[in-house]
Amino acid sequence: MIDFQLSEEQLALQRMAREFAEKEMKPVAAKYDKGEEFPWDVIKKAFEVGFLSSSIPEEYGGGGLSTLDTVIVSEELAAGCAGMFTSIMANSLALTPIILFGTDEQKKKFLTPFTKEMMLAAFCLTEREAGSDAGNISTTAEKVGSEYIINGSKCFITNGGVAKLLVVFANTAKEKGARGISAFIVPADTPGIKIGKIEDKMGHRASNTAEIFFEEVKVPEENLLGKEGMGFIIAMKTLDKARPSVGAAGVGVAKAALQYAIEYAKTRVQFGRPIASFQHIAFKLADMATEINAARHLVWHAAWLIDKGMKASKEAAMAKAYASDVAMKVTVEALQIFGGYGYMKDFPMEKLMRDAKLLQIYEGTNEIQRLVISREIIGPLK
Ligand code: COS
């Protein structure tokens, strides 16, 4: 059966996220974007309303939101400020390996604190020489007695400089390639962890993106997630679950750009009439609205499949790639409707365009999404 109606609870959640974005994010979005300062005050409020722990199962004190609930919230938050959304989303990205693969003891120990006090987590996979080729990481974790000793470095880590807990992917058997990667839960204050460069980014400037160094970092064996060698699968399954939220952020950013463009086109008068009365502008707006709707349907469908426990790597990749491409296209077109004003920092359009760009890159570039999709639809070649 197909049902496109959100439940009362989902509509209430959507309203709450929309109000949060309008009241808490939008008014300060330009300030944090300009200063590239971490928005602790907004993150604190996000914790208070439950957005930081919303993906944690209820039995561990969290909100227990489904993937569909999460994408509904993600769309609204990203429409408020993509950078702040990224800090919130990257936190649940980092908690997802623990939610999916942690033991009951690990969940109690590491997830529950996130429901009690404001803190952030970071997902540490990417390295300088291993971005798209995530199976080729160099960080190592050597077992010595009852501990693992981690050495190496990670880069472009969202929340890297502000997180209290890290989920770190490292090689326990380099010769096995992707099958030799393991995942570890690592408190960020463990001796030997050093934060390196905080990146100065084009967009999502309210989020913190850091380099992290690991030098003889000792982690007890009980912090291993799953079994040795399961790390790559843990990372892939986590990304499958998280990618629809990036798609939802694309929908949110595009939706915000479209709303501004419609308002502007209705009030901007040229040649004696509002520019929305010119078919060229009106049809552009119609195309933008259509593509945003198509993107939202892909996102919701991927989330729905995940909630049904079905494999959704392809659909999650489609949702992520399509919706972030739509965000890029729509923000470029919306800025064009604003003409010269769109290019000025006094108006929100240029920020939306800069923010859209990262959605095509992070959590797997859109080329990687197309690789995932094409491998699945083509199947093995003879
Ligand atoms: N779910 C479960 N298992 C998966 C999987 C998935 N979504 N994707 C891959 N695997 C398994 C494969 O089945 C394979 O298992 P076997 O060893 O039993 O054959 C193993 O993982 C290796 O997979 P594969 O051969 O496809 O690995 P590749 O090195 O070719 O790369 C891509 C796979 C490119 C898809 C992966 O490296 C990727 O997603 N890269 C992007 C990383 C990324 O998104 N980074 C963003 C930073 S984190 S914010």
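Both counts, for ligands and for their atoms, begin at 1 and track the order of listing.
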Quiz prompt | Proximal ligand 1 atoms for Leu239, defined as those under 4.0 Å from one of its heavy atoms | solution = 43 (C), 44 (O)
Quiz item: Between Thr158 and Tyr362, is any side-chain donor less than 3.5 angstrom from a side-chain acceptor?
Solution: no
Quiz item: Within the distance-only criterion (no hydrogens, no angle test), does the side chain of Thr172 pair as donor or acceptor with the backbone N or O of Gly180 below 3.5 angstrom?
Solution: yes
Quiz item: Between the main-chain N or O of Ile373 and the side-chain N or O of Glu376, is there a donor-acceptor pair closer than 3.5 Å?
Solution: no
Self-check item: Main-chain N/O of Ile72 paired to Glu75 side chain as donor or acceptor, under 3.5 Å
Solution: no
Practice problem: Note the single closest protein heavy atom to atom 11 (C) of ligand 1, along with its residue, its atom name and the distance in Å. | Solution: Ile233 CD1, 3.4 Å
Practice problem: Would you verify that at least one protein heavy atom lies under 4.0 Å from atom 23 (O) of ligand 1, or report that none does? | Solution: yes
Practice problem: With heavy atoms of Ala134 as the reference, note each atom of ligand 1 found under 4.0 Å away. | Solution: 37 (O), 42 (C)
Quiz item: What residue and atom, counting heavy atoms only, is the protein's closest point to atom 16 (P) of ligand 1, and at what distance?
Solution: Arg179 NH2, 3.2 Å
Quiz item: Identify the closest protein heavy atom to atom 8 (N) of ligand 1: which residue and atom is it, and at what distance?
Solution: Met236 CG, 3.5 Å
Self-check item: Atoms of ligand 1 close to Phe123 [distance to a heavy atom under 4.0 angstrom, numbered from 1]
Solution: 48 (S)
Quiz prompt | Test of ring centre spacing under 6.0 Å for Phe123 and Phe169 | solution = yes
Self-check item: Cation-pi geometry met for Arg128 and Phe156 (6.0 Å, 45°)
Solution: yes
Quiz item: Can you tell me the protein heavy atom closest to atom 35 (C) of ligand 1 and the distance?
Solution: Val372 CG2, 3.8 Å
Exercise. List every atom of ligand 1 that sits less than 4.0 Å from any heavy atom of Leu371, numbering the atoms from 1 in the order shown and giving each element.
Key: 34 (C)
Self-check item: Numbered atoms of ligand 1 (with element) below 4.0 Å of Arg375, judged on heavy atoms
Solution: 24 (P), 26 (O), 30 (O), 33 (C)
Quiz prompt | Within 6.0 angstrom of Tyr343 OH, more than 12 heavy atoms from elsewhere | solution = no
Quiz item: Where is the nearest protein heavy atom to atom 49 (S) of ligand 1: which residue, which atom, and how far?
Solution: Glu363 CG, 3.7 Å
Quiz prompt | Closest protein heavy atom (residue, atom, distance) for atom 40 (N) of ligand 1 | solution = Ser132 O, 2.8 Å
Quiz item: When you look at CD of Gln336, are more than 12 heavy atoms from neighbouring residues, nucleotides or ligands closer to it than 6.0 Å?
Solution: no
Quiz item: Between NZ of Lys26 and CE of Met84, what distance do you get to the nearest 0.5 Å?
Solution: 12.0 Å
Quiz item: Are any of the protein's heavy atoms under 4.0 angstrom from atom 13 (O) of ligand 1, yes or no?
Solution: no
Quiz prompt | Shortest protein heavy-atom distance from atom 44 (O) of ligand 1, along with the residue and atom involved | solution = Arg243 NH2, 2.8 Å
Quiz item: Does Asp240 reach ligand 1 with a nitrogen or oxygen that is under 3.5 Å from one of the ligand's nitrogen or oxygen atoms?
Solution: yes
Quiz item: Any heavy atom of Phe232 sitting closer than 4.0 Å to ligand 1?
Solution: yes
Quiz item: Thr126 heavy atoms, cut-off 4.0 Å: which ligand 1 atoms fall inside?
Solution: 47 (C)
Quiz item: Do Ser277 and Arg273 get their side chains close enough for a donor-acceptor pair, meaning under 3.5 Å?
Solution: yes
Quiz prompt | Partner of Lys241 under side chain to side chain donor-acceptor pair (under 3.5 Å), chosen from Thr70, Thr67, Thr96 | solution = Thr67
Quiz item: Heavy-atom distance from atom 32 (C) of ligand 1 to the protein below 4.0 Å?
Solution: no
Quiz item: Say you draw a straight line from CD of Glu199 to CD of Glu36; how long is it, rounded to the nearest 0.5 Å?
Solution: 9.0 Å
Exercise. Go through ligand 1 atom by atom and flag the ones less than 4.0 Å from a non-hydrogen atom of Ser313.
Key: 7 (N)
Exercise. List every atom of ligand 1 that sits less than 4.0 Å from any heavy atom of Gly364, numbering the atoms from 1 in the order shown and giving each element.
Key: 43 (C), 44 (O), 45 (N), 46 (C)
